[in-house]
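Single-structure report; data block below.
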Amino acid sequence: MSVDYIVASLPALQFDAPAPIAWEAFAEKCGGDDEVAKLVSDKGWDDIETQLRNAMAEARGGAKYVRPAEGCSLYWKNRVTACFQEKDVAARQKQLDKVWWDAAEELVPPASPLGPGALAAYAVRLKIALRRSAISKEKGNAAFDTLTSKTKVEF
């Protein structure tokens with residue numbers, strides 16, 4: 001099956017909306033997890049991801065932990081630094097996820113909006129959407145209650 005057809009047949013993704021497709025179904029359409037990982041890596045995500053991780057390390061004060069990466073990271077560094085101005089951890093993480101979401105667009109060449117780059121960007125964005133779909137206040141409170149239940153002392 002052609003990549004153009006696969007990309008065109010996938011449901012639309014929106015930031016901070018529930019993921020419309022399970023990872024397993026997506027990977028099956030693409031030929032498996034290994035094929036998806038190879039496609040994402042081949043399209044240059046590794047360098048973009050390294051730039052983002054470097055920017056996060058610098059924003060946290062760990063400039064000595066940066067790794068070499070191809071490309072200009074100044075734009076991403078400024079976006080990540082702006083995210084770290086947010087004091088609310090949940091809001092900061094949402095902003096960081098949006099930066100990563102936007103960075104995935106760099107994988108899509110303008111001349112080939114339905115090609116392999118678009119499929120790689122979809123994979124990155126689907127991972128973000130799936131992770132964000134798993135976040136809820138109820139799940140967080142349940143996890144907190146589980147962790148602290150053993151520390152409660154009854155008098």
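Remember, it's a predicted structure, so these values are computed and weren't measured experimentally.
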> At their closest point, which heavy atom of A121 faces which heavy atom of A104, and how far apart are they?
Replying inline: CB-O, 3.3 Å

>> Quick one, W100 with V124, criterion side chain to side chain contact (heavy atoms under 4.5 Å, CB included). Give me CA distance, side-chain angles, the key distance, then yes/no.
In response: CA-CA 8 Å; W100 285 61; V124 170; 5.7 Å; no

>> Checking A91 now: which residues fulfil side-chain contact (heavy atoms from CB on, under 4.5 Å) with it, not counting sequence neighbours?
In response: E86, D88

>> Side chains of Q51 and D47: any donor to acceptor distance under 3.5 Å?
In response: no

> Quick one: side-chain contact (heavy atoms from CB on, under 4.5 Å) partners of I135, sequence neighbours excluded?
Replying inline: R132

> Between CG of L126 and CG of L130, what distance do you get to the nearest 0.5 Å?
Replying inline: 4.5 Å

>> Is the shortest side-chain heavy-atom distance between L107 and W45 below 4.5 Å?
In response: yes

>> Counting C-beta onward and ignoring hydrogens, is there a side-chain heavy-atom pair between F15 and K94 closer than 4.5 Å?
In response: yes

> Heavy-atom count around K98 NZ within 6.0 Å, excluding the residue itself: above 12?
Replying inline: yes

>> Tell me the closest heavy-atom pair linking P113 and A118, and the distance in Å.
In response: O-CB, 3.2 Å

> So, for K43 and P116, which heavy atoms are closest and what is the spacing to 0.1 Å?
Replying inline: CE-CB, 3.4 Å

>> In the structure I gave you, are the side-chain heavy atoms of R92 and L96 within less than 4.5 Å of one another anywhere?
In response: yes

> Would V40 end up clustered with I48 when hydrophobic side chains under 4.5 Å apart are linked, directly or stepwise?
Replying inline: yes

> Of all residues at least two apart in sequence or in a different chain, which pass the side-chain contact (heavy atoms from CB on, under 4.5 Å) check with D42?
Replying inline: K38

>> Please find the pair of heavy atoms, one from G117 and one from P109, that lie closest to each other, and give the distance.
In response: CA-CD, 4.3 Å

>> Given C83, which partner from the list D97, V99, N78 fulfils the side chain to side chain contact (heavy atoms under 4.5 Å, CB included) test?
In response: V99

> What pair of heavy atoms forms the shortest contact from T81 to K77, and how long is it?
Replying inline: OG1-O, 2.7 Å

> Do I6 and Y122 come close enough that some side-chain heavy atom pair is under 4.5 Å?
Replying inline: no

>> Looking at every heavy atom in both S9 and K29, which two are closest together, and how far apart are they?
In response: OG-NZ, 3.7 Å

> Who passes side chain to side chain donor-acceptor pair (under 3.5 Å) against Q95, sequence neighbours left out?
Replying inline: none

>> I'd like to check the ring pair (Phe, Tyr, Trp, His ring centres under 6.0 Å) partners of F84; sequence neighbours left out, ordered by chain and number.
In response: none

>> Just so I know, are the side chains of L119 and L10 near enough to count as touching, which here means a heavy-atom distance under 4.5 Å?
In response: yes

> Do C30 and L39 have side chains that get closer than 4.5 Å, going by heavy atoms?
Replying inline: no

>> Checking L13 against I128 for the side chain to side chain contact (heavy atoms under 4.5 Å, CB included) test, could you report, in this order, the C-alpha distance in whole Å, the side-chain angles of both residues, the deciding distance, and whether it holds?
In response: CA-CA 10 Å; L13 289 172; I128 294 168; over 6 Å; no

>> Side chains of D102 and Y75, heavy atoms from C-beta outward: is any pair under 4.5 Å?
In response: no

>> According to side chain to side chain donor-acceptor pair (under 3.5 Å), who are the partners of Q14, at least two apart in sequence or on a separate chain?
In response: none

